[in-house]
Number of protein chains: 2
Amino acid sequence: MIGRLNHIAIAVPNLTDAVKTYEQILGAKVMPPEQLPEHGVTVVFIILPNTKIELLEPLGENSPITAFITKNPAGGMHHICYEVEDIEVAITKLQSEGVRILGDGKPKIGAHGKPVIFMHPKDLNGTLIELEQI
Amino acid sequence: MIGRLNHIAIAVPNLTDAVKTYEQILGAKVMPPEQLPEHGVTVVFIILPNTKIELLEPLGENSPITAFITKNPAGGMHHICYEVEDIEVAITKLQSEGVRILGDGKPKIGAHGKPVIFMHPKDLNGTLIELEQI
């Protein structure tokens, strides 16, 4: 079912510092920041030869990553995203296995403009996993 | 400096359950478990089209991931590994930027038989990062 690793998301308290880490220290290719108010984050993509790192900073008062940053003030790995060909097929399979889909169980349009779902970390080895239909 | 994402490591309390998650629920290609007593882990690789997931279960009494599992009983994302061409060049660069290398600051032979280092998460956005010389 799952295909490529689309990205790893790392939540950070301060994008400027995190960009410095990736650009200046680790020497990676870093894209300009994009504010995504509808997702409550500002995002910076780090382009690796085989995948992407998504640096996320809270944006606005109801950011979905504020609680994570409060718990992990230095930042940390927030979620990983796998690609699937058909998100409805994925939802049916996951629900048949008892995996809880976050929210109302229906795909949303994610940060890349594609349908996505997130699953409950407790059902998947403590890892917050996003599936994105490619 | 950094090249491909070599792997994401996910520490789990029970490999059998985690393998079931990835094989049966997520439909990924899962390799047989390998015991690596010198690293204090049993590892299972999940092969994705563009990278690998490394599932780690503590092995033995002094496993380096026991404390992580105690803190995260359901498991969780443990570290990410980027590839570098020359680990000595990487060490010099990191130290010049004030990034702390774990242990004695010298590369060790990692789980794939290649020289690796780990850096202090507090210096890199709260993320435990491994560099592997390819």
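Just so it is clear: chains get the letters A, B, ... in the order the sequence lines come, proteins before strands, and each one is counted from 1.
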Set of residues satisfying side-chain hydrogen bond (donor to acceptor under 3.5 Å, both in side chains) with respect to B/H39, sequence neighbours excluded: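 In terms of side-chain hydrogen bond (donor to acceptor under 3.5 Å, both in side chains), with neighbours along the sequence ignored, B/H39 is linked to no residue.
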Could you tell me the separation between the OG1 atom of B/T21 and the CG atom of A/N125, rounded to the nearest 0.5 Å?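 These two atoms lie 4.0 Å from each other.
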Measuring from B/Y22:OH to A/L124:CG, what's the distance to the nearest 0.5 Å?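 Between B/Y22 OH and A/L124 CG, I get 7.0 Å after rounding to 0.5 Å.
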Does B/K29 NZ have over 12 foreign heavy atoms under 6.0 Å away?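 Counting neighbours around NZ of B/K29, 12 or fewer heavy atoms of other residues, nucleotides or ligands fall under 6.0 Å, so no.
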If every non-hydrogen atom of A/T127 is compared with every non-hydrogen atom of B/M77, which pair is closest and at what distance?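 Residues A/T127 and B/M77, closest heavy atoms: CG2-CG, 3.8 Å.
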I'd like to know which of A/I25, A/I8, A/L131 tops the heavy-atom pair count under 4.5 Å against chain B.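 Among the listed options, the one with the most contacts to chain B is A/I25.
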What residues of [range] make heavy-atom contacts with chain B at a cutoff under 4.5 angstrom?
range: residues 80-90 of chain A; result: A/I80, A/Y82
range: residues 93-104 of chain A; result: A/K93, A/L94, A/E97, A/V99
range: residues 49-59 of chain A; result: A/P49, A/N50, A/T51, A/I53

With a 4.5 angstrom heavy-atom cut-off, is it the side chain or the backbone of [X] that approaches chain A, or both, or neither?
X: B/I2; answer: both
X: B/I10; answer: side chain
X: B/I46; answer: neither

Chain A: which of B/A28, B/G27, B/P121 shares the most heavy-atom pairs with it under 4.5 Å?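 Between B/A28, B/G27, B/P121, the count favours B/G27.
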Report the option among B/D17, B/L26, B/V12 that has the most heavy-atom pairs separated by less than 4.5 Å from atoms of chain A.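 Among the listed options, the one with the most contacts to chain A is B/L26.
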